[in-house]
Each structure stands twice: as C-alpha cells, then as structure tokens.
Protein chains: 2
Amino acid sequence: MTAGFDPHDHAACRRAALAHAETVCREAGVRLTDTRRRVLEILLEDHRALGAYAILDRLRDEGLGAQPPVAYRALDFLVRHGLAHRIEHLNAFVACAHPGRGHAPIFLICRSCAAVAEAPAAPVMAALGSAAQDAGFAVDHAMVEADGLCPACQGAGQGA
Amino acid sequence: MTAGFDPHDHAACRRAALAHAETVCREAGVRLTDTRRRVLEILLEDHRALGAYAILDRLRDEGLGAQPPVAYRALDFLVRHGLAHRIEHLNAFVACAHPGRGHAPIFLICRSCAAVAEAPAAPVMAALGSAAQDAGFAVDHAMVEADGLCPACQGAGQGA
DNA sequence: CAGCGCAATGTTATTCTATAACAGTTCCCG
DNA sequence: CGGGAACTGTTATAGAATAACATTGCGCTG
Ligand SMILES: [Zn+2]
Ligand SMILES: [Zn+2]
Ligand SMILES: [Zn+2]
Ligand SMILES: [Zn+2]
C-alpha cells in the first residue's frame, strides 16, 4: 500500500488523481480554478516534493502569476482539500498519492533522489495515539516524516 | 515517561539538564561556551519551543551577540549534541527534556499554549520501521510531531 | 437584466527563517 | 612560545511565508 517508490503506470496515477480532484471539488462546492489545477498538475509530475518557489517559477513561465501569494494560495487550497501534503522537513509540497482515502499519511523521503512515498499510517498513528493518551494529550494532526534512502538509491550505494 | 506537561520541580529539571550538558561536553571534548550555555539556559526556561530569532533577541539584550549566525551556531551545537531538538513544524527549538537517554523523540505540541512534551518513541519508531521495511526504505532519521491540545488546555476548553 | 455579496486574483511590501563567506580571536597542545 | 583547530564577529544575501488592500469574476436574487 506504500505509494511512491515502486515502478507504476504514472500516467494513470496522474489521471486518477486529477479526476479525483474534480470530484472532491464538485462535492465540496469549491472551484478547481486554472491556477489550482495547474499547481496540482505540476506536483503530480512525479512523486517528489517541490518548494513553493519552484512551483511559482513554473507558474511564472506559463504566465499564471508571478507573486508568492499566487503559489501559496493554490497550495493552501490543495492541502486543505487533501489533494496535496506539506512536507515540514523540506518546506515543500507533494501531491497526494492516495486518491480517495481520508488519511494522515506518513512520509518516506529519500535524501538522495528526493522521492517521497506515502506509507500506511494506521499502525504508527495507533502507537502515537497511545503515547499521546498516556500523556493526556489530544492529537489533532500528526506529522510523521522519515528521512533515508529509497530502494533504488540503496542499491546504487549512495551515501548522501 | 512523557516529559513536559505534568507539573514538576522545574528548577531541578533545569539544573539536571545543565549538569548533563556539562558532562556531555566534557566527555565529547567540546566546549560549552558562554553563548552556548546561555542559549541552553534560555531554552530551559520552560518546556516551550523558541524561534532562533526570539533567542537572538535575548542574546542581544544581554550583549552576547546580535547577528543570526550567533544564535544558529549555538543551536546547531546543542542539537548536534542532543541537548536540544528542532521542531520542524514550528521552525523552532526546544531543550531536550530527557537528559541522558539517547533518543529520536516524538513531540506533542500544544497549539494553544505552545508547550512541547517528549513522549516515548519506541513503539512509534517500531511501527514506522516496520512500514518502512515493507517499502524497502532505509530510515535514517525520523521526525514525529503531533499538534493538538495539552491536558491543561483541553480542560480550559480552548479551541485555538 | 441589475445589483449584491462572496470567492478568487493581482500586486506591493514586509517579515521571518536560514546560510554563505571571510576576517579575526581564543584555546589547547606540543 | 609557536601552530593548528575550534570558536566568534560581522556583512551580506538567499529562501520561505504572510499582511494588507485593490480589483475582478461569478452566482444568486429580486
Ligand atoms: Zn505515480
Ligand atoms: Zn532515492
Ligand atoms: Zn521541566
Ligand atoms: Zn497547552
């Protein structure tokens, strides 16, 4: 169920994510405007995190807006609707790789090739919930991000 | 074993952390200089995360340095030696609340009063390791941060 | 259709966070 | 007393994010 590292039909992956985004927006009664859609498409180009300014550069090249708020507003929208996630450790954003399921994902981030995978969160969240309960803490949103090496980069013997 | 939310003798807590810092530095053959020590003391004032610039303001008031690198270098040092931790979600730093034990802690962050607790990491890390293994991913360093409400702020019925 | 209200956009400016680069100083050890 | 490494001071700049406000587009209701 981990999505991201394994080879797959990424064109289908993208199409599904985009179709899902349409559905989500229709059902929520919000608009998937040109800029929002384009930002999602850019993020969907591969399973990699992009900084807001990298996205902004792309938008600028395409004449869709040149100022930071343009990118940040679209990203906020996508994150708010579960279509993208923010990677705290990188100050960057990644398209959601699990169209459909409501989730608080955990991220595996390759420090060599920068690929980002979403892994099944349930066991980790259960352990976290238990630790939080012991402390009397009410978890609102959990962020779990692991730095390391993806299968491909381990094979290549990368050290950094 | 969660350290941070429960009422405790914080003066002793601080003293122990400082003493531990001395030991760690002596054993590692590195120097706990004035600035480094002072930054640690500031972080130890309570179990709360402080931004690098908030710390820098304090240092400036005390004549210990006025430029960002002063604060960042001290913080890097403390983090490198396990005496403080960086909270990615807040772009801020907190003193380590577990003097002595080698750990990759998990953090519980109150979004109302900004208190930060360190909870036992083992079960969460085990679950994370298992998920990573399923994906063939080699975890190097894991970041686990939970946003929510601490016991005190839940009682007060805080919503934000 | 006219006009209202809200959502979304465009733009300027600013704040906050973090690091690069280099010159000078202090400390430890031989 | 050197010599080298660690540490400090300072300038400048890069990078990430938001505040604030004017404007435009869109959907609804009268
Ligand atoms: Zn894909
Ligand atoms: Zn990789
Ligand atoms: Zn304490
Ligand atoms: Zn609280």
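Convention: sequence-line order gives letters A, B, ...; per-chain numbering from 1.
Heavy-atom distances to DNA chain C give each of B/Leu90 and B/Pro69 a nearest nucleotide, and the one nearer the 5′ end belongs to B/Leu90. Looking at which nucleotide of DNA chain D each of B/Arg31 and B/Val70 is closest to, the 5′-most match is held by B/Arg31.
Computed from coordinates, the A/Arg80 CZ to C/dA7 P distance equals 11 Å when rounded to whole Å. For B/Leu32 and D/dA6, the CG to C1' distance is 15 Å, given to the nearest whole Å. Computed from coordinates, the A/Glu88 CD to D/dG15 P distance equals 20 Å when rounded to whole Å. Protein atom CG of B/Leu56 is 12 Å distant from nucleotide atom P of D/dG9, rounded to whole Å. The nearest whole Å value for the distance from the CG atom in B/Asp34 to the P atom in C/dC27 is 10 Å. Atom OH in B/Tyr72 sits roughly 18 Å away from atom P in D/dG9 (whole-Å rounding). The interatomic distance linking A/Arg37 (CZ) with C/dA8 (C1') rounds to 17 Å, in whole Å. One interatomic measurement links the two molecules: CG of B/Leu50 to C1' of C/dT17, which rounds to 15 Å at whole-angstrom precision.
Per the stacking criterion (ring centres < 5.5 Å, plane angle < 30°), B/Tyr53 stacks onto the base of C/dT17.
Set against D/dC7, D/dT11, C/dT9, the side chain of A/Thr35 has C/dT9 as its closest nucleotide.
Under the 4.0 Å criterion applied to side-chain N and carboxylate O atoms, B/Glu45 and B/Arg14 are not assigned as salt-bridge partners. Under a 4.0 Å N-O distance rule, the pair B/Arg60/B/Glu62 does not qualify as a salt bridge.
B/His89 and A/Glu88 are linked by a side-chain donor-acceptor pair at a separation below 3.5 angstrom, with hydrogens and angles left out of the test.
Atom CZ of A/Arg111 and atom CG of A/Leu149 lie 4.5 Å apart (nearest 0.5 Å).
Between C/dT17 and A/Asn91, no contact under 4.0 Å exists linking OP1 or OP2 to a side-chain N or O. Put simply, B/Gln67 has a side-chain N or O that comes within less than 4.0 Å of OP1 or OP2 on D/dT10. Close to C/dA18, at under 4.0 Å from its OP1 or OP2, lies a side-chain N or O of B/Arg86.
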> Given the rule in the ring pair (Phe, Tyr, Trp, His ring centres under 6.0 Å) test, do B/His98 and B/His20 qualify, once you have shown the distances and angles that lead to the verdict?
Replying inline: CA-CA 10 Å; B/His98 280 163; B/His20 176 246; over 10 Å; no
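Residue B/Arg73 is in base contact, counting any heavy-atom pair closer than 4.0 Å across all strands shown.
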